[in-house]
Amino acid sequence: MDGRTTVLAVSIGYLVLSLVVGMWPGKKSSDSAAGYVAGDRTLGLVVMYFITGASIFSAFAFLGGPGWTYSKGAAAFYILGYGALGFVPFYFLGPRAARLGRRFGFVTQAEMVAARFGSPALAGVMAVISVVAFIPYLALQMLGAGYVLYALTDHALPTWAGAGLVYLVVLAYVLKSGVLGVGWTNTLQGLFMMVLAWGLGLYLPDALYGGVGPLFDRLAAERPELLLAPGLSSSGDPWTWGEYTSAVGISIIGFCMWPHLFMKAFTAKNEQTIRRTVVLYPTFQIFLVPLFLIGYCGVFFEPGPELADQVLPHMLMQMQQQMDLPAIVVGLFCAGALAASMSSGDAMVHAAASIAVRDGWVAAWRKGEALDAHVERRLIRIVLVLVMLAAYLVAVLYDGSLVFLLLSTYGAVVQFAPAVWLGLSTDRVSGRAVLAGMVSGSLVTALLIALPALKPFAIHSGVYGLLVNVVVVLVGSRVWPEDAERAARFLRVARGGAAPETWSSSKARS
Amino acid sequence: MPPMTWRVRLYLVFVAVCALALAWPGYAWFGNRIEPRVVGLPFSFVWNIGWVLASFGALVAFHVTRPAGYGDEDDDDHDVRDGGGA
């Protein structure tokens with residue numbers, strides 16, 4: 001068996017293994033939305049930890065991280081920067097959401113927000129924003145998978161075909177087993193990725209430059225601009241501190257607002273599990289370090305990749321053919337990168353579909369009138385396929401960088417922050433104000449992403465949207481006062497107080 | 001709403017300092033240089049790794065010093081209403 005065949009065999013073997021592991025626990029979750037979406041609220045620390053980590057360290061980290069470091073240098077450090085604090089708000093918000101979820105049966109973020117503010121429309125708006133944000137994010141994961149297979153097959157399999165192939169596998173196991181399957185698959189993949197990233201991150205500098213020190217000696221001498229923040233922009237010009245800083249800020253605030261991450265509050269076994277997961281999360285951040293080293297290794301690598309985001313698989317395939325890098329290592333890496341893409345992709349498509357159905361269709365359109373559990377589950381599966389198709393279209397049509405795509409989607413999810421943060425901590429903000437803030441903030445962000453020339457300062461479009469959002473929420477809450485009684489009841493549960501008896505009637509009224 | 005404890009205040013101060021250190025102005029003024037190198041890595045890189053570790057350490061400390069009764073059942077984390085205001 002020649003090298004490339006071994007690489008391909010190892011990768012495919014891995015895909016099959018993850019399919020088997022992913023489908024197996026599906027039998028155990030109950031056949032209801034709570035079972036399918038929230039895994040019956042039973043996930044313990046180990047699974048939670050890897051679910052969270054692997055969902056975050058996606059194709060974005062594995063391919064986008066090295067890709068950005070390779071082409072934009074220290075601009076990529078913003079990923080480390082926001083990771084240092086990005087999950088911290090969840091330490092406080094997560095347990096509150098979990099208590100509310102257990103008491104009232106919420107399985108999505110928007111359900112919770114809509115109930116807090118007595119506004120089904122809010123759930124609908126959040127569903128729309130979520131799906132809009134998820135589609136490019138999912139497309140990014142698909143592109144990542146496509147890039148890996150493109151390198152793996154020595155450019156025989158085009159990106160669109162590779163992406164399609166891998167995501168058929170994802171579709172199969174998510175359709176089969178929902179979030180528990182996602183959980184165990186991610187545990188396997190999370191472990192895998194950490195080992196591989198460190199292995200390669202230390203091996204490549206050594207094999208190509210004689211160590212990490214010599215690698216940076218050469219970079220400092222020949223390309224010092226790649227070692228200093230804020231690094232370079234997509235066009236190769238220097239990035240600005242305004243853009244770097246606002247990228248860090250928006251990502252910190254927006255990070256745990258991602259519906260698929262926030263939903264983990266509802267899948268966790270208990271509050272302590274959530275807190276520990278947050279506490280342990282930076283251990284995943286440290287795993288980004290070797291990925292940056294890999295990106296820097298690509299700077300002087302000849303021949304260079306066609307696209308920056310392909311730098312890692314490209315280097316590995318070249319080294320396997322020219323420098324006797326063992327085929328099994330390359331195969332395992334490619335599997336790891338595919339795993340990274342799949343583990344994030346599955347969580348996202350699952351979240352997007354659940355949200356579209358539960359928040360968009362049931363909560364907002366049907367005004368909370370529940371569907372039969374089996375009907376709901378079937379609907380979620382149909383939407384899942386539609387979301388996959390939409391993301392696939394974006395993946396095929398998009399030709400920019402993975403990180404830029406991700407950064408733009410943060411502009412959308414960050415608009416949830418005022419509703420969730422304030423909704424879970426004060427009774428002074430009202431539903432109408434939050435709704436108006438979210439809609440206006442999202443529109444401003446979308447407008448500025450589409451027409452960046454309108455921005456007065458070169459900072460992330462989401463910052464402008466968020467400012468408008470917050471101002472509208474604060475002013476609006478004065479104009480339209482909140483139903484203080486409902487808010488107080490809600491907050492009492494969030495804070496772990498006695499459960500109110502009157503909630504169900506108030507929920508029905510809203 | 002009961003007043004914030006010293007523990008929460010201290011942690012929030014850390015979060016604010018950390019946020020400022022991760023981008024402009026802290027990073028730009030103090031962390032953004034190639035020398036001194038640490039185990040071969042440029043200082044601008046080490047700066048970020050250091051803050052990730054510091055944030056980890058601070059949260060571990062915050063977590064293990066949580067008051068008794070901050071457990072799972074009657075968990076009243078009232079003291080953190082502005083948590084993570086980075």
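Chain letters run A, B, ... following the sequence lines, proteins first, then strands; residues in each count from 1.
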Nearest-0.5 Å distance, CG of residue Leu22(B) to OH of residue Tyr82(A): 12.5 Å

Measure distances from Leu53(B) to the heavy atoms of chain A and classify the residue's part below 4.5 Å as side chain, backbone, both or neither.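 Contact with chain A: side chain only.
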
Can you say whether Trp24(B) sits under 4.5 Å from chain A via the side chain, the backbone, both, or neither, judging by heavy atoms? both

Could you tell me if the ring centre of Phe62(B) sits under 6.0 Å from that of Tyr91(A)? yes

Can you see which heavy atom on [X] is nearest to which on [Y], and at what distance?
X         : Y        : answer
Ala84(A)  : Ser55(B) : O-OG, 2.6 Å
Leu227(A) : Pro42(B) : CD2-CG, 4.0 Å
Asn48(B)  : Leu80(A) : CB-CD1, 3.7 Å
Leu293(A) : Phe45(B) : CD2-CE1, 4.0 Å
Ile286(A) : Ile49(B) : CD1-CG2, 4.1 Å

When only pairs under 4.5 Å are counted, which of Val60(B), Leu59(B), Val39(B) shares the most heavy-atom pairs with chain A?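 The option with the most such pairs is Leu59(B).
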
Select one option (side chain, backbone, both, neither) describing which atoms of [X] are under 4.5 Å from chain B's heavy atoms.
X         : answer
Pro224(A) : both
Ser246(A) : neither
Val289(A) : both

Let's go through Val278(A) and His63(B) carefully: what are the C-alpha distance in whole Å and the side-chain angles of both, what is the deciding distance for side-chain contact (heavy atoms from CB on, under 4.5 Å) to 0.1 Å, and is it a yes or a no? CA-CA 10 Å; Val278(A) 176; His63(B) 184 67; over 6 Å; no

Classify the ring geometry between Trp241(A) and Tyr27(B) as parallel (under 30°), tilted (30 to 60°) or perpendicular (over 60°).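 Because their plane-to-plane angle is over 60°, the rings of Trp241(A) and Tyr27(B) count as perpendicular.
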
Looking at Arg218(A), I want to see if its CZ is surrounded by more than 12 non-hydrogen atoms of other residues, nucleotides or ligands under 6.0 Å.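 Enclosed: over 12 neighbouring heavy atoms sit under 6.0 Å from CZ of Arg218(A).
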
For Arg33(B), which residues count as a salt bridge (charged side-chain N to carboxylate O under 4.0 Å, His left out) partner, sequence neighbours excluded? none

Of the listed residues (Val248(A), Leu228(A), Asp217(A)), which shares the most heavy-atom pairs with chain B below a 4.5 Å separation?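 Highest number of pairs under 4.5 Å: Leu228(A).
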
Any residue of residues 206-215 of chain A which, by heavy atoms, sits under 4.5 Å from chain B: Val212(A), Gly213(A)

